[in-house]
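Written below as structure tokens is the structure these notes are about.
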Amino acid sequence: MIFDSMITALRHFVVDTWIGRVIALAIFVAFIGLSGSFMGLSGGLGGMSSGDITQIGHYKITPRDFARSIQQRLGYLQQSGVPLSALRSPAAQQEVSFESLRDLLTLKGAQLAGERNGVTPSDELIRQTVFSMPEFRDAQGHFSADKMNQLLQSNGLQHQDLIEQVRQSKTAQATMFGLAQNVTVPKAELDQMVRFYTEARKVDLIQLPFSAGKVSSQPSDAQLKRFYDNHPWLFKEPEYRHARIVVLLPSKVAVTDDVVRAIYKQRARDYNQPETRSVEVLGFDNEATAQQAAHSWQDGATWESIQKTFPQAIPATLPNARPEDLPDEALSKAAFLAHSGQVMAPVKTAMGWSVVHVTSITAPHQVSFEQAAPEIRAEVQKAEPSVVPSQHMQAFQEAVAGSTELDKIPADIGAVPVEGTLDAQGMTAGGSPAPLPGDEATRKAIVQQVFSQAKGDYPHVVSLPNGGGFAVVVANVQPGQQKAFDTVRADVTTAWQGEQQKRAQEARATALYQSAKKDGLQHALSGQPEEASLRKDERFSRLQKRSDMPELINRAALNQNVGQTAMLQEGNSFWLVQVTGSAAPATGEQEAVRQRVEQQLLQGLQGDLIESLGSSYQHETSHRALNTELFHQVSEQILGRLVGGAGQGQ
């Protein structure tokens with residue numbers, strides 16, 4: 001699935017690279033230390049209960065912790081340009097869920113390591129962190145104690161809760177990132193890589209086509225006859241076979257009304273659409289904050305601004321949703337009672353309180369069977385084998401089994417009969433491609449079967465990757481035979497001349513090569529007829545490969561030592577390539593490469609260290625088994641609300 005491939009690629013970026021881990025974990029740490037503080041995510045102490053996802057050390061991973069971690073990861077993926085619609089497959093949602101839990105365990109493990117090692121943030125650092133939180137600033141950008149108290153109170157938190165969580169997040173930051181900040185890239189390694197990538201070469205080269213070889217004499221009859229005898233494959237009539245072929249392809253299958261009607265019934269949801277509504281939803285943990293958000297929204301706040309004003313809310317958008325698409329019955333009822341553009345009062349749901357805004361309403365509509373049938377029929381004919389009716393293939397196999405000459409294949413099952421003479425390349429005696437049905441792969445498979453099946457063998461069905469099949473009867477074999485010399489004399493002469501031109505050019509290229517090895521290519525060609533074709537001081541670089549040169553020449557120009565000359569054969573030419581020296585990198589190129597390479601090496605080194613630290617922290621601390629049932633329950637609820645689609649548990 002394309003979505004599975006996308007999330008796998010994203011996982012490699014977010015998890016397996018330094019920058020991905022830093023961004024993902026930094027966002028999460030910021031949430032725990034900042035806006036997450038207002039949601040009561042202290043984790044608590046004591047033993048793990050049935051209401052916890054898991055526990056590492058004395059830190060419990062609660063459903064609320066896990067839900068917020070999923071939300072943060074989805075937010076990061078959206079910032080990276082990944083639409084939520086790309087995460088609707090079960091595999092993608094499972095990936096998001098497990099990586100979100102992994103973030104939590106790594107963070108908590110780092111906090112425990114900091115506690116064991118005596119890493120304790122100072123009171124001054126905690127105070128500065130709290131004072132710098134944007135959630136606590138007034139309209140002028142200054143810290144507001146009143147706003148802090150109001151937010152803490154509305155979320156049921158005390159000052160001590162805030163201080164403790166800031167302390168934990170700072171401990172984790174110091175433990176995870178402090179060591180990594182001291183990593184540096186060895187200068188010698190960096191210099192070597194920069195030189196390698198920015199190295200440019202000055203090259204002299206010449207192309208010597210075979211066709212330019214000088215042949216001074218015309219061949220004698222004896223020479224032509226000897227060439228003809230030594231190269232029989234060049235002057236041979238190919239083997240031709242006359243075959244009867246019957247092909248069954250998905251695009252040719254006759255799709256019955258019963259098949260079309262069954263598919264129409266399966267897709268009843270798509271063809272019979274009730275009224276749908278596109279909604280925006282904000283989820284809250286308490287009614288008071290939800291009321292504040294509803295009032296602001298009703299007063300004209302935009303979707304973007306309302307999220308900034310209430311960063312602790314869980315946002316979700318559901319385009320063209322049906323009542324059953326909404327994750328909560330009360331929420332669904334409210335959404336389908338509202339008018340287009342209306343922001344409803346907060347609704348009590350199983351997960352807390354939700355404020356819903358109906359952005360548009362789509363009227364119900366129905367597509368009749370008669371309207372949908374042509375599209376379904378065309379789709380089935382082009383579809384993968386899994387949706388091609390099996391009865392057609394069964395009927396085809398039975399017909400082939402009962403017809404030794406392939407002359408009793410019913411016309412109503414969609415099989416296409418063809419008959420004719422062709423060679424092993426699929427060409428007719430006239431030199432044109434044989435008119436075989438199907439795509440290129442199908443035609444190649446048919447030709448291969450024609451030339452591997454013996455004359456008179458009973459036909460059998462050969463299956464095709466596209467879900468179709470074919471059967472072959474070889475009626476006649478005309479063996480390949482040598483063409484008479486007198487009939488192909490002109491062809492023999494042309495081939496002899498081409499061979500002699502190549503030999504002459506090879507001798508000439510070899511002589512120039514030997515001279516160039518001693519005195520250089522320019523000196524070797526000085527005063528020679530080929531001098532005008534010499535290309536001097538051509539620039540080759542690893543960063544800017546020459547698209548006008550064959551790959552073999554590019555490699556030779558970059559891999560040869562300065563002063564070295566090579567003689568190469570590429571296509572219908574010989575090439576002489578001599579590296580004459582180094583060329584200066586383009587302006588600013590070396591510095592740009594240095595910065596990019598250094599950043600990538602640094603990210604790799606830091607990422608490896610962070611990964612090792614996170615893994616060791618988790619192994620140093622015992623943690624409880626995963627509450628699988630609760631894990632999947634929270635995953636399905638959160639991802640179902642924010643993403644929609646198949647869900648985690650399917």
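From Ile206, atom CD1 reaches atom CG of Leu525 across 4.5 Å, with rounding to the nearest 0.5 Å. Thr276 contributes atom OG1, which lies 11.5 Å from atom CG of Leu318 (distance to the nearest 0.5 angstrom). Between the CZ atom of Phe540 and the CG atom of Leu558 there is a distance of 7.5 Å, given to the nearest 0.5 Å. Atom CZ of Arg201 and atom CD of Gln560 lie 8.0 Å apart (nearest 0.5 Å). Atom CE of Met427 and atom OG of Ser432 lie 6.0 Å apart (nearest 0.5 Å). Atom CG of residue Leu512 and atom CG of residue Leu521 lie 8.0 Å apart, to the nearest 0.5 angstrom.
Residues Gln207 and Glu570 form no side-chain contact, since every pair of their non-hydrogen atoms from C-beta on lies 4.5 Å or further apart. At a threshold of 4.5 Å between non-hydrogen side-chain atoms, the residues Asp457 and Val474 do not count as touching. In this structure, Gln578 and Lys517 have side chains that are not in contact, with every pair of non-hydrogen atoms separated by 4.5 Å or more. Under the 4.5 Å side-chain criterion, counting only non-hydrogen atoms from C-beta, Glu440 is in contact with Lys444. For the pair Thr421 and Thr428, the minimum side-chain heavy-atom distance is 4.5 Å or more. Annotation: side chain of Val562 is not in contact with side chain of Thr580 (no heavy-atom distance under 4.5 Å). Arg244 is not listed as a side-chain neighbour of Val472, based on a closest heavy-atom distance of 4.5 Å or more. At a threshold of 4.5 Å between non-hydrogen side-chain atoms, the residues Asn476 and Arg241 do not count as touching.
Taking the six-membered ring where the residue is Trp, Tyr271 and Tyr264 present parallel rings, their angle staying beneath 30° rather than reaching 60°.
Looking at Gln501, its side chain does come within 3.5 Å of a backbone N or O of Ser211 through a donor-acceptor pair.
The minimum heavy-atom distance linking Asn554 with Met549 is given by the pair ND2-O, 3.3 Å. Shortest non-hydrogen contact noted between Asp423 and Val447 is O-CG1, 4.0 Å. Heavy atoms only, all atoms of each residue included: Leu639 and Ser97 are closest at CD1-OG, 3.4 Å. When all heavy atoms are compared, the tightest approach of Pro459 to Ser403 is CG-O, 3.5 Å. Shortest non-hydrogen contact noted between Ser100 and Arg73 is OG-CD, 3.6 Å. Annotation for Thr565 and Ala516: closest pair OG1-O, 3.9 Å, computed over non-hydrogen atoms.
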side-chain contact (heavy atoms from CB on, under 4.5 Å) evaluation trace for Val246 with Val400: CA-CA 9 Å; Val246 181; Val400 170; 5.8 Å; no
Stepwise side-chain contact (heavy atoms from CB on, under 4.5 Å) check, Ile553 with Arg546: CA-CA 9 Å; Ile553 307 306; Arg546 297 282 296 266; over 6 Å; no
Asp439 and Thr442: side-chain hydrogen bond (donor to acceptor under 3.5 Å, both in side chains), yes or no, with the steps? CA-CA 5 Å; Asp439 56 18; Thr442 298; 2.8 Å; yes
What do the steps show when you test Gln94 against Phe98 for side-chain contact (heavy atoms from CB on, under 4.5 Å), and what is the final call? CA-CA 6 Å; Gln94 178 173 291; Phe98 277 107; 3.4 Å; yes
Please report the C-alpha distance between Glu239 and Gln481 in whole Å, then the side-chain angles of each, then the deciding distance to 0.1 Å, and finally whether the side-chain contact (heavy atoms from CB on, under 4.5 Å) criterion is met. CA-CA 8 Å; Glu239 177 182 314; Gln481 57 184 354; over 6 Å; no
Between His460 and Gln397, does the side-chain hydrogen bond (donor to acceptor under 3.5 Å, both in side chains) criterion hold? Intermediate values first, please. CA-CA 8 Å; His460 63 277; Gln397 291 172 334; over 6 Å; no
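Under a 4.0 Å N-O distance rule, the pair Glu538/Lys536 does not qualify as a salt bridge. A salt bridge links Asp548 to Arg535: at least one charged side-chain nitrogen sits closer than 4.0 Å to a carboxylate oxygen. Residues Lys545 and Glu551 are paired through a salt bridge, judged by an N-O separation under 4.0 Å between the basic side chain and the carboxylate. Residues Arg508 and Glu506 are not paired through a salt bridge, judged by the lack of any N-O separation under 4.0 Å between the basic side chain and the carboxylate.
Evaluation of the ring-ring contact (aromatic ring centres under 6.0 Å, His included) test over residues 552-577, restricted to residues two or more places apart or in two chains, returns Phe210-Phe574.
Within a 6.0 Å sphere centred on CD of Gln448, heavy atoms belonging to other residues, nucleotides or ligands number 12 at most. Dense packing is recorded around CZ of Phe485, with more than 12 heavy atoms of other residues, nucleotides or ligands lying under 6.0 Å away. No more than 12 heavy atoms of other residues, nucleotides or ligands shown are found within 6.0 angstrom of CD on Gln192.
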Distance-only donor-acceptor hits, side chain of residues 223-235, under 3.5 Å, sequence neighbours excluded:
from	atom 1	to	atom 2	distance (Å)
Gln223	OE1	Ser220	N	2.9
Gln223	OE1	Ser220	OG	3.4
Lys225	NZ	Asp229	OD1	3.1
Lys225	NZ	Asp229	OD2	3.4
Tyr228	OH	Lys483	O	2.4
Asn230	ND2	Arg226	O	3.2
His231	ND1	Phe227	O	2.9

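In this structure, a donor-acceptor pair under 3.5 Å is present between the side chains of Ser368 and Gln371.
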